Amino acid sequence: MGLIVQKFGGTSVGSVEKIRNVAVCVKEETERGNNVVVVVSAMGKSTDTLVNLAKEISAQPNKREMDMLLTTGEQVTIALLSMAINQQGLEAVSFTGWQAGITTEPIHGNARISNINTTAIERQLTAGKVVIVAGFQGVTEDGEITTLGRGGSDTTAVALAAALDADKCDIYTDVTGVFTTDPRYVKSARKLLSVSYDEMLELANLGAGVLHPRAVEFAKNYQVRVEVRSSIEKIEGTVIEEEAAMEQNLVVRGVAFEDEITKVTVLGLANSLTSLATIFTTLAQNQINVDIIIQSTTEGGTANLSFSIQTLELLETLKVLEDNKTELGYDQIDAENKLAKVSIVGSGMISNPGVAAKMFAVLAENQIQIKMVSTSEIKVSAVVEEKNMLKAVEALHEAFELANN
Ligand code: ASP
Ligand code: MG
């Protein structure tokens with residue numbers, strides 16, 4: 001008998017009708033002779049609704065209470081799904097994060113899972129029950145309820161699959177798999193049959209949106225076989241595994257993109273040696289995610305520093321820099337808004353020089369100016385003006401032969 005962890009996202013449990021569908025899907029898995037642990041998100045957009053309620057009360061709600069509020073969303077789904085599974089003639093039991101033994105670090109809003117004690121889940125599985133676990137939540141050692149960051153139910157599912165040594169983790173969602181680029185924007189986008197953990201990690205971090213980045217980290221670290229698939233269409237999805245089959249020997253496997261990027265430039269840093277460390281430590285302490293970083297020295301011996309952030313975090317970034325102006329010792333700050341990041345990803349890049357050159361040539365041919373660049377072994381990202389984002393994506397998707405024939 002195998003053990004399968006199934007995860008259903010918000011759209012897949014968005015109504016009573018859809019919850020019934022999920023119950024059928026769970027039943028089918030048990031009929032294949034498997035034990036099933038189900039992880040669910042809050043129904044539809046209900047997490048957003050809860051966030052908005054909080055905002056009506058306070059511009060900066062208390063983070064502990066925010067977690068208390070948001071975790072109720074998943075709690076609704078687990079109970080309803082348990083009832084729906086009962087209707088299918090199966091025994092089920094629902095668990096909140098703490099009941100499922102999920103301990104996290106003591107951070108509200110974006111906690112990492114630190115440990116999972118699977119005793120309670122295993123006891124119920126042994127008793128022949130389907131176990132339903134609320135995604136996106138855990139508890140600290142001190143008994144405080146925490147959340148794992150938006151989209152964190154994926155992480156709950158993969159972490160449980162790792163802890164339970166499950167045979168597979170199926171992520172059921174409203175798309176049929178991982179695509180070469182976002183099919184909502186690029187009609188010729190194609191579904192990939194498999195991607196490697198590293199490729200998926202890059203894609204997830206680049207905002208491909210199908211999987212929470214930390215879920216991919218877990219999958220990679222514990223070698224969990226993950227499949228992203230549709231909860232409606234019963235077709236093969238995309239398998240995420242160590243070595244993805246090199247479909248058509250593609251060097252580039254996907255084009256990811258993200259808008260609302262801002263480039264912040266700190267001009268005239270007096271002592272670039274220490275201020276660089278101070279700036280990024282200070283930003284990190286304030287939970288501001290910095291992406292691409294470029295430093296250049298000027299003739300006068302001072303340094304200019306540019307980095308990209310999400311536009312959403314601009315106000316806070318400026319405040320942090322202003323508050324620490326004396327300590328950091330700079331002249332001035334500039335911010336350029338309305339930028340976007342376009343990235344190409346593929347493990348094949350490691351052994352194929354010239355991929356970045358080709359990317360820049362394609363962008364140049366299309367008169368798209370590049371503002372910043374960053375690379376990793378399997379990724380090249382370029383920051384461009386937001387208005388050029390989709391043009392760049394389409395041109396790259398075409399040039400690297402990712403399109404449907
Ligand atoms: N309900 C949470 C959210 O909307 C967690 C999740 O869906 O993964 O972010
Ligand atoms: Mg999600």
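Just follow the structure's listing: the first ligand is 1, and inside any ligand the first atom is 1. What you see is a predicted model; the values in this text were computed from it and never measured.
Taking only nitrogen or oxygen atoms, main chain and side chain alike, K7 does not reach within less than 3.5 Å of ligand 1.
Close contacts of ligand 1 with G151, meaning ligand atoms under 4.0 Å from a residue heavy atom, involve 3 (C), 5 (C), 6 (C), 8 (O), 9 (O). Which parts of ligand 1 touch S153 is read off a 4.0 Å heavy-atom cut-off, strictly below it: atoms 5 (C), 6 (C), 7 (O), 8 (O). Here is the list of ligand 1 atoms found below 4.0 Å of a heavy atom in R150: 3 (C), 4 (O), 9 (O). Each of the following atoms of ligand 1 lies closer than 4.0 Å to a heavy atom of F136: 2 (C), 5 (C). Annotation for ligand 1: atoms under 4.0 Å from non-hydrogen atoms of S41 are 6 (C), 7 (O), 8 (O).
Contact annotation for H212 and ligand 1: no heavy atom of the residue comes within less than 4.0 Å of the ligand.
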- request: Go through the steps for R225 and E241 under the test salt bridge (Lys or Arg N to Asp or Glu O under 4.0 Å), then give the verdict.
  value: CA-CA 6 Å; R225 199 177 138 82; E241 57 198 346; 3.2 Å; yes

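No hydrogens or angles considered: nothing links the side chains of S82 and S94 as a donor-acceptor pair under 3.5 Å. Side-chain contact annotation: N337 with T262, donor-acceptor N/O pair under 3.5 Å present. Side-chain polar atoms of H108 and T147 form no donor-acceptor pair below 3.5 angstrom.
Both tests pass for K358 against the ring of F400: distance under 6.0 Å to the centre and angle within 45° of the axis.
The shell of residues lying under 4.0 angstrom from ligand 1, judged by heavy atoms, excludes K45. Heavy-atom separations between G9 and ligand 1 are all 4.0 Å or longer.
Side-chain contact between R253 and S347: absent, with no pair of heavy atoms (C-beta onward) separated by less than 4.5 Å.
Looking only at distances, no side-chain donor or acceptor of D291 sits under 3.5 Å from a matching main-chain atom of I309.
Protein heavy atom closest to atom 2 (C) of ligand 1, with residue, atom name and distance, is E74 OE2, 3.4 Å.
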